[in-house]
2 protein chains.
Amino acid sequence: MEESSTYPKHNRSTVRRLRDRTVHAIFSAAPIVHVSFLPTDPSVDPFPTILPMLGAIGSFGNPSADPATEPLDFYIHGHASSRLMKLPGSKLTEDHPEGLPVCVAATLVDGIKLALTPFNHSCNYRSAVLHGYANLVTDEDEKNWAMHRITDALVPDRWNNTRVPPSKPELQATSVLRITIVSASAKISTGPAGDDRKELQNDDVTSKVWTGVFPVWEHVGPPVESKTNKVALVPEYLGSWMRERNASREEYAVKVASDKI
Amino acid sequence: MEESSTYPKHNRSTVRRLRDRTVHAIFSAAPIVHVSFLPTDPSVDPFPTILPMLGAIGSFGNPSADPATEPLDFYIHGHASSRLMKLPGSKLTEDHPEGLPVCVAATLVDGIKLALTPFNHSCNYRSAVLHGYANLVTDEDEKNWAMHRITDALVPDRWNNTRVPPSKPELQATSVLRITIVSASAKISTGPAGDDRKELQNDDVTSKVWTGVFPVWEHVGPPVESKTNKVALVPEYLGSWMRERNASREEYAVKVASDKI
């Protein structure tokens, strides 16, 4: 059982158990991801395409899966009429009965690192990338489950605080793709910028160039109610989510500005 | 001259003059982009790849180009030994003497829109995507110019406040790719979430579900100096950049939380 709980073997380096938790944590922290797919006819149009999407990681068949040891799927949604939602099963998947080959990337920027020389400038970040096969979700329970996950990935507990369950027309107008993950990896950069010893010993340089890190985090501002809103007070689950999210993101960005972890 | 100043015609819809300025503004505001390229041998590994990169838009041959009417290139950089930097001229470009076909996406998240029903939840965002051919920059002047652009895209005026010009070993260790843009487009979402009239007329729903927008912006925190830093005060060009960037991002995110623009 332990062996089958990792992602299937593949010509890429198989994801190590230890890294799965990191990959999953980054995807959980970044509901907005970038999804890439291949051109339909490379002889006419040779370019891959990237779309920003909302998504969520999880396992419908095993919802309490341990993110460190058990495989998860990735779910994205869109209008049923949109290009990407119609690609699984199209010409692009003729050679791939497994589904539409896609790449999904999640990136959190945690800081801007300023070094003595421009070529040593870089960022603190957490980045996760997965490769997998996307297929249309046709089971209504799985679709509702996935939309629940995607909604709560944007704002925790939001699903149960809206008008649910979705109506038939809503379900028909929205498509969900399940991406079966074949491989995944994470890359994390923390700490100050690295400077070459030669530069650090050059007083002319170190006396003039300020070095350090600007911590960076995605900040959520106080909510602005819509003109049609009739709920007088911002509910506590929203306020506490905002405060906790801002505090933990700031804390992480400031910490890794000086500490390599 | 006017005709040749737009991006070349292509089977995708040619970028309209009016939209170029928007595309260029989004790429200028988002130094961290996602770059996608095709698999080298799709029969072995069918997945496209996405990498987060630092980049900058500009024209080396025409540095004062008007972003609304004149074509620009996109530059990215990386270690000379990294996979992406070695792809132009490799097997992947056998069919493409123009260069390596890539897609570059820049996304700024400006808000989280909360609607009455989960399927109407979405984000305020500014997204730009370009398709083009990447080639290695071999001219030393162009390489220095591109690195200057990329460094200042991260933090304005930083290049001239570091130890420049780059040394020969630095230039050798870093590669720069110039992406000749073939097509580009932008998508912008502003204003509150859209709710269906049927839901808005349902008092049971509107009395329970809070609706509105959480403004979101990338916040830059006070700088943390490195242990080796010897410049006592944070220079003014850094402090004013931080304050102005935070103020303008917050102002935009709060504005589009209620106003459709």
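Note on naming: letters A, B, ... go to the chains in the order of the sequence lines (proteins, then strands), and numbering restarts at 1 for each one.
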- Item | From CA spacing to verdict: side-chain hydrogen bond (donor to acceptor under 3.5 Å, both in side chains), B:Ser189, B:Lys113 | CA-CA 10 Å; B:Ser189 180; B:Lys113 311 198 206 204; 3.1 Å; yes
- Message: Please classify the contact of A:Ser122 with chain B as side chain, backbone, both or neither, using a heavy-atom distance under 4.5 Å.
- Response: backbone
- Message: Check this for me: does any side-chain nitrogen of one of B:Glu170 and B:Arg163 sit under 4.0 Å from a carboxylate oxygen of the other?
- Response: yes
- Polar contact flag, side-chain donor to acceptor under 3.5 angstrom, B:His34-A:Thr107: yes
- Message: I'd like to verify something: which residue of A:Phe37, A:Trp210, A:Phe119 has the highest number of heavy-atom pairs under 4.5 Å with chain B?
- Response: A:Trp210
- Query: Quick one: what part of B:Leu154 sits under 4.5 Å from any heavy atom of chain A, side chain, backbone, both or neither?
  - Reply: both
- Task: Applying side chain to side chain contact (heavy atoms under 4.5 Å, CB included) between B:Asn124 and each of B:Val256, B:Val109, B:Ile188, report the one that passes.
- Result: B:Val256
- Message: Heavy-atom cut-off 4.5 Å, strictly under: side chain, backbone, both or neither for B:Leu100 against chain A?
- Response: neither
- Message: Between B:His96 and chain A, with a heavy-atom cut-off of 4.5 Å, which part of the residue counts as in contact: side chain, backbone, both or neither?
- Response: side chain
- Atom group of A:Glu199 that falls short of 4.5 Å from chain B, counting heavy atoms: side chain
- Task: Would you mind telling me which of A:Leu233, A:Val129, A:Thr174 has the largest number of heavy-atom pairs within less than 4.5 Å of chain B?
- Result: A:Thr174
- Just wondering, more than 12 heavy atoms not from B:Glu251 lying within 6.0 Å of its CD? no
- Which region of A:Leu51, side chain (C-beta onward) or backbone (N, CA, C, O), has a non-hydrogen atom less than 4.5 Å from a non-hydrogen atom of chain B, or is it both or neither? neither
- Message: Under a 4.0 Å threshold between the charged nitrogen and the carboxylate oxygen, would B:Glu236 count as salt-bridged to B:Arg243?
- Response: yes
- Task: Please determine, among B:Pro235, B:Ser258, B:Gly191, B:Gly111, the option with the most heavy-atom pairs under 4.5 Å with chain A.
- Result: B:Pro235
- Which one, B:Glu218, B:Arg249, B:His219, B:Lys208, leads in non-hydrogen pairs under 4.5 Å with chain A? B:His219
- Task: Let me know if B:Ser36 has heavy atoms under 4.5 Å from chain A in its side chain, its backbone, both or neither.
- Result: both
- Heavy-atom contact with chain A under 4.5 Å, split by part of B:Ile112: side chain
- Message: Need one label for A:Pro223: side chain, backbone, both or neither, based on atoms under 4.5 Å from any heavy atom in chain B.
- Response: both
- Item | Salt-bridge criterion met for B:Lys230 and B:Glu225 (N-O under 4.0 Å) | no
- Task: With a 4.5 angstrom heavy-atom cut-off, could you sort out which part of A:Ala105 is near chain B: side chain, backbone, both or neither?
- Result: both
- Examine whether an atom of A:Val234 lies under 4.5 Å from a heavy atom of chain B, and if so say whether it belongs to the side chain, the backbone or both; otherwise answer neither. both
- Note on the structure: Bottom line for B:Pro101: the part with an atom under 4.5 Å from chain A's heavy atoms is both
- Message: With chain B as the partner, which of A:Pro166, A:Ser226, A:Ala173 has the greatest number of non-hydrogen pairs under 4.5 Å?
- Response: A:Ser226
- Residue selection (most heavy-atom pairs with chain B, distance under 4.5 Å) from A:Val220, A:Val216, A:Leu116, A:Ile50: A:Ile50
- Item | Contact leader toward chain A among B:Ala115, B:Ala232, B:Ser207, where contacts are heavy-atom pairs under 4.5 Å | B:Ala115
- Query: When heavy-atom pairs shorter than 4.5 Å are enumerated against chain A, which of B:His121, B:Glu250, B:His77 gives the highest number?
  - Reply: B:His121
- Message: Counting heavy-atom pairs closer than 4.5 Å to chain A, which one of B:Gly212, B:Ala193, B:Cys103 comes out on top?
- Response: B:Cys103
- Task: Go through the steps for A:Leu108 and A:Tyr125 under the test side-chain contact (heavy atoms from CB on, under 4.5 Å), then give the verdict.
- Result: CA-CA 6 Å; A:Leu108 300 166; A:Tyr125 65 89; over 6 Å; no
- Please state whether the side chain, the backbone, both or neither of A:Thr151 comes within less than 4.5 Å of a heavy atom of chain B. side chain
- Message: Can you tell me which portion of B:Leu114 sits under 4.5 Å from chain A's heavy atoms? Options are side chain, backbone, both or neither.
- Response: both
- Is it true that B:Trp241 and A:Phe214 have ring centroids separated by less than 6.0 Å? yes
- Pair count under 4.5 Å, heavy atoms only, with chain B: among A:Ser43, A:Ser127, A:Gly132, A:Pro52, highest is A:Gly132
- Task: Sort out for me which of A:Val205, A:Leu38, A:Thr228 touches chain B most, counting heavy-atom pairs under 4.5 Å.
- Result: A:Leu38
- With only heavy atoms counted, which part of A:Ile150 is less than 4.5 Å from chain B, the side chain, the backbone, both or neither? neither
- Note on the structure: Bottom line for A:Trp159: the part with an atom under 4.5 Å from chain B's heavy atoms is side chain
- Message: Please tell me whether B:His148 and B:Asn144 have a donor and an acceptor in their side chains that are separated by less than 3.5 angstrom.
- Response: no
